Amino acid sequence: MAATLCRILLQKQGWLPFTQCVRHGSKSVTRHKRPLHFLKQKLMSVTRYIPPPRPVPLGAYPRQTSRDQEDHPFTILIKKSLKSVFQESKMIAAVQNSGSTADAMILLKYKLHKHGIEVKFFPNQVVRSFLKDSTYSNMAPLFIGHTVLFICKEPKVKEMLSCLRNSRHMLLLGACIDNTLLSAQGVVSYSKLPSVAVVQGELVSGLTLLTSQTASMLQHHPAQLSALLQQHVKQQSSEGEPKAEEAP
């Protein structure tokens, strides 16, 4: 009754008293879940039940039947061209194209074409299927991503490396030179070898030197020749005696 009268009087005066909600203490939560001990947590995680996987019901997936898929005619044509490339070329290099522009590729083709090196593009899937049944099966891991083939009828390794040195986006992966599979480092080592013409010249010069020395020796007096032959026989016999003593 007093509160009603107070409210009526306060409304007449034009203002209301300040009201505030107070939460009852009996409704507060005082019980919390105690944390488990570390060893107990480990034991619970180890002994937790893991249900077995549900088996796949029959008929959910189509049956796996072995079907002999015939190659597309275009795939057969690409394999024929690959076969001719591997038969006619003595140098086949696999190069990875990592973001090279079209202008840079055209410039690289022009530089390689000066030395008789051609650039070929083949789908990796077709190349791997071709290499799987051939003697070049070890080259299959090289054809991953954007791979380009550098082919040449002669092993012009120095010219190829000089052209690749100026292109930053072309990375040499490996090569097959004279039916020998080489890594990138092996190709660099191969390029440091002398050419066949130089080796033939050194061999011929060595043989001519020996023949000239033999011819000059035969022009001496027969007595001197016999003395030289006797000395040579003595050296051979003296070298053979220790070997005979060492043998059981």
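Keep in mind that what you see is a predicted model, and the values were worked out from it rather than measured.
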(request) Measure from the side-chain N and O atoms of H169 to the backbone N and O of S98, and report whether any donor-acceptor pair falls under 3.5 Å. (result) yes

(message) Checking side chain to side chain contact (heavy atoms under 4.5 Å, CB included) between I78 and each of I76, L82, T75, which is the one that passes?
(response) L82

(request) Could you tell me the separation between the NZ atom of K90 and the SG atom of C176, rounded to the nearest 0.5 Å? (result) 12.5 Å

(request) Check whether V126 and L77 end up in the same hydrophobic cluster, where Ile, Leu, Val, Met, Phe, Trp and Tyr are linked by side-chain heavy atoms less than 4.5 Å apart. (result) no

(message) Tell me whether F121 at atom CZ has more than 12 heavy atoms from other residues, nucleotides or ligands lying less than 6.0 Å away.
(response) yes

(request) For residues T147 and L142, report the shortest heavy-atom separation together with the two atoms involved. (result) OG1-O, 3.7 Å

(message) Determine whether a donor-acceptor pair (N or O, by modelled atom type, separation under 3.5 Å) exists between the side chain of H37 and the backbone of L39.
(response) yes

(message) By the definition side chain to side chain contact (heavy atoms under 4.5 Å, CB included), identify the one residue from K109, K120, M170 that meets it with V148.
(response) M170

(request) Work out which heavy atom in P52 is nearest to a heavy atom in Y49; give both atom names and the distance. (result) CD-OH, 3.7 Å

(message) Quick check on H115: does its NE2 atom have over 12 non-hydrogen neighbours (other residues, nucleotides or ligands) under 6.0 Å away?
(response) yes

(message) When you group the ILVMFWY residues by side-chain heavy-atom contacts below 4.5 Å and let the links chain together, are L164 and V188 in the same group?
(response) yes

(request) Please answer: with hydrophobic residues joined when any side-chain heavy atoms are less than 4.5 Å apart, are F143 and V95 in the same cluster? (result) no

(request) To the nearest 0.5 angstrom, please state how far the CD1 atom of I151 sits from the CG atom of L112. (result) 11.5 Å

(request) Measure from the ring center of F130 to the ring center of F122 and say whether it is less than 6.0 Å. (result) no

(message) side-chain contact (heavy atoms from CB on, under 4.5 Å), that's the test. Do H146 and S100 meet it? Break it down for me.
(response) CA-CA 10 Å; H146 299 282; S100 180; over 6 Å; no

(message) Return the CG to OG1 distance between N179 and T135, rounded to the nearest 0.5 Å.
(response) 7.0 Å

(request) Taking the side chain as every heavy atom from C-beta outward, state whether S129 and K79 have any atom pair closer than 4.5 Å. (result) yes

(request) Spell out, yes or no, whether V127 and Y136 are grouped together once hydrophobic residues are joined by side-chain heavy atoms under 4.5 Å, including indirect joins. (result) yes

(request) Kindly indicate whether the side chain of C163, heavy atoms from C-beta on, has any atom under 4.5 Å from the side chain of F150. (result) no

(message) Can you tell me how far apart CE (M139) and CG (L149) are? Round to the nearest 0.5 Å.
(response) 6.5 Å

(request) Assess whether side-chain contact (heavy atoms from CB on, under 4.5 Å) is satisfied between V85 and E118, documenting all intermediate values. (result) CA-CA 11 Å; V85 163; E118 298 181 5; over 6 Å; no

(message) Ignoring hydrogens, what is the shortest heavy-atom contact between G116 and C152? Give both atom names and the distance.
(response) O-SG, 3.5 Å

(request) Group every Ile, Leu, Val, Met, Phe, Trp and Tyr by side-chain heavy-atom contacts under 4.5 Å, then state whether I144 and L173 land in the same group. (result) no

(request) Could you grab the distance from atom CG of D178 to atom CD1 of I92, nearest 0.5 Å is fine? (result) 10.5 Å

(message) Let's go through S189 and K192 carefully: what are the C-alpha distance in whole Å and the side-chain angles of both, what is the deciding distance for side-chain contact (heavy atoms from CB on, under 4.5 Å) to 0.1 Å, and is it a yes or a no?
(response) CA-CA 5 Å; S189 302; K192 295 178 182 178; 5.6 Å; no

(message) Just verifying a value: how many Å separate L172 CG and Q185 CD, rounded to the nearest 0.5 Å?
(response) 10.5 Å

